[in-house]
Amino acid sequence: MASAYAPGQVAWQGSGQPRGDWIAATPAARGAPTCDWTVPRELANYRQASPGEFIDRTAPLAPGDRLQISLMGDDDVISGVYVLDSDGSLALRGVGRISAKGLSPETLAPILRQRLVAAGLARPLRNAVTVSLIEASGVSVAVSGAVFDPGAVRAGERASDSRIGLKEGQASGDDNVTRTVSGAIRAAGGVRPDADVQRIYLLRDGAYAQLDMSGFIHGWTSRDIALASGDRVIVPSRSCFDADLVRPSALTPPGIRVYMSNLTRSANNNAGAAIGEKTTSLPYGTRLLQGLVAANCVGGSYMQSDRRAVLISRNRLNGRSVVIERDIEKLVREAHRDSLDPFLMPGDAIACYDSRWTNLREAIGMVSEAVSTATPAILLDGAL
């Protein structure tokens, strides 16, 4: 069972007792491997900063942000709504392009005033130019480590009908609650059960901060940080399974998609077994037995009760596939079922197999059908 990833993915002896080692939630549990963590190697090239250096800073501007720029004494020549281009630059009328990426509206205003004064388009007054944020758009960030779908994601992306300032008119200020570290992690599929949520790293402009985001899991205060375009988020792995992370939260997926197959005599197709898109979409934290109920594999007549199920999963640490088999009726009736009933992970597959009585009935039915088909041919041959 070297490919086992979660508790419950154990071999089942004939007596129904589990055997084999598995990754448990605590280091002391049944000789499980010690939970450990290591600092990612790529951090050696970055300067360590305190989390406050990122938290106390106003969220930096990013490509796609919409700004309201107002010039004193001007109504429609330079004043208006501007959108930052893909490179983070601002195309200001009569001045040309000005880089605004990574700046805040407060730090951008004096730069614009200086350029406009130099071009003779504004008076050298302190409040000649004001800049306000209308809408913070989504940003592109990279998320790696112990998440289900690592890679480049868009954090804080909004649908067209939920954009700020389009329906209510001119607005000032925006709080994009998903353009954050937690939003980027959810966009990457959420943290895996082996993630180290006490040591999540945010990398920006040659510096990194170590963030303790365990409060999002356990229900205490935890500060989130607004992201800028080009940020990186690294979620280290503890190399052991934490059951507390297998439930919906701000850092984990709210639900998972599981593939199901229940092709039996009583239900000879998935539609007949009431398996559809809603059935295979399960809350995160669902166990195998609950998934089998959703697939209509549990219950029925006594002849159908002696059924078996197979779970096909994958070890997220080493990439190896995991296939386990369970006697469904024993899983329902055994008192120690929790040690044999693993959590379902995103992309898992479960399949149900007929009982021995059903298989025998199928065999008898095939023989009867073959005999009934062959009899007319024999009689016809004898008549000739």
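Just so you know, these numbers use all the heavy atoms, side chains as well, and skip hydrogens, waters and symmetry mates.
Within the 4.5 Å cutoff, the side chain of Tyr46 has heavy atoms near those of the Arg232 side chain. Residues Ile324 and Val310 form no side-chain contact, since every pair of their non-hydrogen atoms from C-beta on lies 4.5 Å or further apart. Between Asp65 and Val83, the closest side-chain pair of non-hydrogen atoms is not below 4.5 Å. No side-chain heavy atom of Gln198 sits less than 4.5 Å from a side-chain heavy atom of Gln210. In this structure, the side chains of Ile328 and Arg308 stay at 4.5 Å or more apart for every pair of heavy atoms. Between Leu61 and Leu67, the closest side-chain pair of non-hydrogen atoms falls below 4.5 Å. Residues Ile312 and Val322 have side chains not in contact (no heavy-atom distance under 4.5 Å, counting atoms from C-beta outward). Taking 4.5 Å as the limit, every side-chain heavy atom of Val197 sits out of range of all side-chain heavy atoms of Val235.
Annotation: cation-pi pair Arg287/Phe343 present, NZ/CZ under 6.0 Å from the ring centroid and within 45° of its normal.
Rounding to the nearest 0.5 angstrom, the gap separating the OG atom in Ser261 from the OH atom in Tyr353 is 8.0 Å. For the atom pair OH (Tyr208) and CZ (Arg47), the distance works out to 10.5 Å, reported to the nearest 0.5 Å. Distance check, rounded to the nearest 0.5 Å: CD of Glu334 to CD of Glu329 gives 10.5 Å. To the nearest 0.5 angstrom, Gln9 atom CD is 9.5 Å from Leu288 atom CG. Of the inter-residue distances, the one linking Leu245 atom CG with Arg238 atom CZ reads 8.0 Å to the nearest 0.5 angstrom.
For Glu106, there are no salt bridge (charged side-chain N to carboxylate O under 4.0 Å, His left out) partners, not counting sequence neighbours.
By the 4.0 Å N-to-carboxylate-O rule, Arg192 lies too far from Asp149 to be salt-bridged with it. For the pair Asp348 and Arg257, the salt-bridge criterion is not met [side-chain N within less than 4.0 Å of a carboxylate O]. One finds no salt bridge joining Glu157 and Arg179 here, because no Lys/Arg side-chain nitrogen approaches an Asp/Glu carboxylate oxygen to under 4.0 Å.
Panel note: side chain Asp85, backbone Gly88; no donor-acceptor pair is recorded below 3.5 Å. Within the 3.5 Å criterion, the main-chain N or O of Gly319 finds a donor-acceptor partner in the side chain of Arg314. Between the side chain of Asp212 and the main chain of Ser214, a donor-acceptor pair closer than 3.5 Å is present. When atom types are taken as modelled, the side chain of Ser89 and the backbone of Ile98 share no donor-acceptor pair closer than 3.5 angstrom. Between the side chain of Ser137 and the backbone N or O of Pro63, at least one donor-acceptor pair lies under 3.5 Å. A donor-acceptor contact shorter than 3.5 Å is absent between the side chain of Asn262 and the backbone of Cys352. Not one N or O on the side chain of Thr180 forms a donor-acceptor pair closer than 3.5 Å with the backbone of Ala226.
Summarising the geometry of Phe148 relative to Val191, their closest heavy-atom pair is CE1-O, 3.4 Å, with the distance given to 0.1 Å. Among all heavy-atom pairs drawn from Ala122 and Leu71, the shortest one is CB-CD1, 3.6 Å. Residues Arg123 and Ala128 share a closest heavy-atom pair of O-CB, 3.5 Å. Nearest heavy atoms, Gly347 versus Tyr259: O-CD1, 3.8 Å. Of all non-hydrogen atoms in Pro193 and Met345, the two that sit nearest each other are CG-SD, 3.9 Å. The minimum heavy-atom distance linking Ala309 with Leu292 is given by the pair CB-CD2, 3.6 Å.
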Give the intermediate values and the outcome of side chain to side chain contact (heavy atoms under 4.5 Å, CB included) for residues Tyr201 and Leu43. CA-CA 9 Å; Tyr201 299 95; Leu43 297 184; 3.5 Å; yes
CA sep, side-chain torsions, deciding dist, call: Ile185, Ile200, side chain to side chain contact (heavy atoms under 4.5 Å, CB included): CA-CA 10 Å; Ile185 291 175; Ile200 295 178; 3.9 Å; yes
Step by step, work out the side chain to side chain contact (heavy atoms under 4.5 Å, CB included) result for Leu112 and Ile69. CA-CA 9 Å; Leu112 295 180; Ile69 299 178; 3.8 Å; yes
Hey, mind stepping through Gln290 and Leu344 against side chain to side chain contact (heavy atoms under 4.5 Å, CB included) and telling me if it holds? CA-CA 9 Å; Gln290 295 169 304; Leu344 297 178; over 6 Å; no
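A donor atom on one side chain and an acceptor atom on the other are found under 3.5 Å apart for Ser140 and Arg154. Side-chain N/O atoms of Asp224 and Ser222 include no donor and acceptor closer than 3.5 Å. Side-chain contact, Tyr5 with Asp194: a donor N or O sits under 3.5 Å from an acceptor N or O.
Residue-environment remark: CD (Gln114) stays at or below the threshold of 12 foreign heavy atoms within 6.0 Å.
Val332 and Val293 fall within the same hydrophobic cluster, where Ile, Leu, Val, Met, Phe, Trp and Tyr residues are linked whenever their side-chain heavy atoms come under 4.5 Å apart, directly or through other members. If you chain together hydrophobic residues whose side chains sit under 4.5 Å apart, Leu311 and Leu317 fall into the same group. Put simply, Leu121 and Val77 are part of the same group of oily side chains (I, L, V, M, F, W, Y) that touch within less than 4.5 Å, one to the next. With hydrophobic clusters built from ILVMFWY side chains whose heavy atoms lie under 4.5 angstrom apart, Met72 does not share a cluster with Leu116. Linking Ile, Leu, Val, Met, Phe, Trp and Tyr whenever their side-chain heavy atoms come within less than 4.5 Å leaves Val131 and Leu125 in two separate clusters.
Counting only residues at least two apart or on different chains, the salt bridge (charged side-chain N to carboxylate O under 4.0 Å, His left out) pairs with a member in residues 196-210 are Asp196-Arg199, Arg204-Asp231.
Of the candidates Val141, Leu251, Leu227, Leu227 is the only one forming a side chain to side chain contact (heavy atoms under 4.5 Å, CB included) with Val181.
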